[in-house]
Amino acid sequence: MSGTVKRIGDIYQKLYQLYGPQGWWPLIDCKGPKPVKTGAVEGYHPLNYDLPVQRNHIYEIIVGTILTQNTAWLQANTALHNLNDLKALVPEKLLKLDDEILKSAIRPAGFLNQKAIYLKKVTQFFIELDGETPSRKELLEVKGVGNETADSILLYAYKQPEFVVDTYTRRLFSHLGLSHVEISYLKLKNLFENSLPRDVPVYQEYHALIVEHAKRYYNKKPHGVGDPLSRLSI
DNA sequence: AACCAGGACGTGA
DNA sequence: TCACGTCATGGT
């Protein structure tokens with residue numbers, strides 16, 4: 001197990017070395033020191049770990065976590081901009097939005113019927129928080145918020161040390177031989193949290209780096225072809 | 001033209 | 001607890 005711990009730390013170093021700081025979570029109106037663009041998407045803020053600072057920033061991240069469920073970020077981002085154009089990226093505004101208008105705005109992100117419901121549920125929850133940080137358990141009670149979404153909200157919107165696991169994480173680390181693909185969400189999450197310093201920027205960067213890396217080598221079958229990391233860990 | 005994306009839920013073993 | 005079908009659009 002100590003070997004696993006060591007390699008999880010080593011892989012982080014290697015990914016950071018390969019891609020550098022990722023600046024997650026992207027924000028539309030990013031006022032960080034040097035917001036940058038990744039591909040066709042703007043709003044990343046590498047090395048700025050103070051964001052989000054405003055209430056609307058936190059809310060925008062929460063909306064983004066719902067919109068990007070099983071959906072490419074590029075399309076979630078389009079939906080996010082549609083809402084922003086409607087001036088509906090404000091909790092009180094989104095709640096008042098007509099359901100059909102809401103659905104047409106988020107259409108590019110897919111699953112519009114479900115996500116319209118989820119967005120209003122999580123928005124109501126956010127308003128009732130009244131600025132407080134939610135617990136993981138509370139978040140999971142909101143319909144539409146599962147394990148990954150809850151951890152993404154806690155890590156990126158509320159800066160809580162909760163490691164985010166996604167399908168890319170499962171693919172990458174099973175391919176590297178550190179876990180198996182059937183491992184449960186919580187077990188894989190615990191594996192990371194027990195292997196890393198309890199540090200929010202590290203958690204934020206590691207998940208973002210896994211996504212960046214997996215997009216290149218784990219988006220098509222067979223997974224992991226040409227992955228430079230596979231040599232490191234045998 | 002299939003395949004899949006920064007998942008979650010409901011159902012039935 | 002766990003496997004499986006469903007939800008939907010658009011890019012590659």
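Residue numbers start from 1 in every chain, and the chains themselves are labelled A, B, ... in the order their sequence lines are given, proteins ahead of strands.
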Aromatic plane relationship, A/Tyr218 with A/His175 - under 30° parallel, 30 to 60° tilted, over 60° perpendicular: perpendicular
N-O pairing of A/Glu162 and A/Lys189 below 4.0 Å: yes
Starting from [atom2] on [N], measure out to [atom1] on [X] and report it in whole angstrom.
{"X": "A/Trp73", "N": "C/dG10", "atom1": "CH2", "atom2": "P", "result": "17 Å"}
{"X": "A/Asn113", "N": "C/dA8", "atom1": "CG", "atom2": "C1'", "result": "9 Å"}
{"X": "A/Asn77", "N": "B/dA5", "atom1": "CG", "atom2": "P", "result": "18 Å"}
{"X": "A/Ile66", "N": "C/dA8", "atom1": "CD1", "atom2": "P", "result": "14 Å"}
{"X": "A/His213", "N": "B/dA5", "atom1": "NE2", "atom2": "P", "result": "15 Å"}
{"X": "A/Lys115", "N": "C/dA8", "atom1": "NZ", "atom2": "C1'", "result": "9 Å"}
{"X": "A/Tyr203", "N": "B/dG6", "atom1": "OH", "atom2": "P", "result": "23 Å"}
{"X": "A/Leu112", "N": "C/dA8", "atom1": "CG", "atom2": "P", "result": "6 Å"}

All pairs passing side-chain hydrogen bond (donor to acceptor under 3.5 Å, both in side chains) where residues 76-98 of chain A contributes a residue, at least two apart: A/Arg55-A/Glu92
Of all pairs that satisfy side-chain hydrogen bond (donor to acceptor under 3.5 Å, both in side chains), the ones with a partner from residues 202-215 of chain A, not counting sequence neighbours: A/Tyr19-A/His213, A/Tyr49-A/Glu205, A/Glu212-A/Arg216, A/His213-A/Asp227
Between [N] and [M], how far apart are the two [atom1] atoms, rounded to whole Å?
{"N": "B/dC3", "M": "C/dG5", "atom1": "P", "result": "15 Å"}
{"N": "B/dG10", "M": "C/dA8", "atom1": "P", "result": "14 Å"}
{"N": "B/dG6", "M": "C/dC4", "atom1": "C1'", "result": "23 Å"}

Heavy-atom donor-acceptor pair, A/Tyr44 side-chain to B/dG6 base, under 3.5 Å: yes
Side chain to side chain contact (heavy atoms under 4.5 Å, CB included) against [X], all qualifying residues, sequence neighbours excluded:
{"X": "A/Ser179", "result": "A/Phe173, A/Ser174, A/Ile183, A/Leu188"}
{"X": "A/Lys143", "result": "A/Tyr118"}
{"X": "A/Glu42", "result": "A/Lys37"}

Considering residues at least two apart in sequence or located in another chain, which fulfil the side chain to side chain donor-acceptor pair (under 3.5 Å) criterion with [X]?
{"X": "A/Gln22", "result": "none"}
{"X": "A/Lys103", "result": "A/Asn113"}
{"X": "A/Asn219", "result": "none"}

Contiguous Watson-Crick or G-U pair runs (3 or more, under 3.5 Å) in DNA chain B: B:3-5 with C:9-11, B:7-13 with C:1-7
A/Ser184 vs A/Gln75, nearer the 5' end of DNA chain C by closest nucleotide: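 Its nearest nucleotide lies further toward 5', so the answer is A/Ser184.
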Along DNA chain C (nearest heavy atom to each residue), the more 5'-positioned of A/Lys220 and A/Pro108: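 The residue mapped nearer the 5' terminus is A/Pro108.
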Protein-to-nucleotide contact annotation, 5' to 3' order, nucleotides 7-13 of chain B [B base; S sugar-phosphate only; - none; under 4.0 Å, heavy atom]: BSSS---
Sequence neighbours excluded - ring pair (Phe, Tyr, Trp, His ring centres under 6.0 Å) pairs with any residue from residues 120-140 of chain A: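 For residues 120-140 of chain A: A/Tyr59-A/Phe126.
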Sugar-phosphate only, base, or nothing, as touched by A/Tyr206 at under 4.0 Å among non-hydrogen atoms: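 Nothing, no heavy atom under 4.0 Å.
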Residue pair A/Leu80 / A/Glu60, side-chain heavy-atom distance below 4.5 Å: yes
Close approaches to DNA chain B from residues 151-158 of chain A, in residue order (heavy atom, under 4.0 Å): none
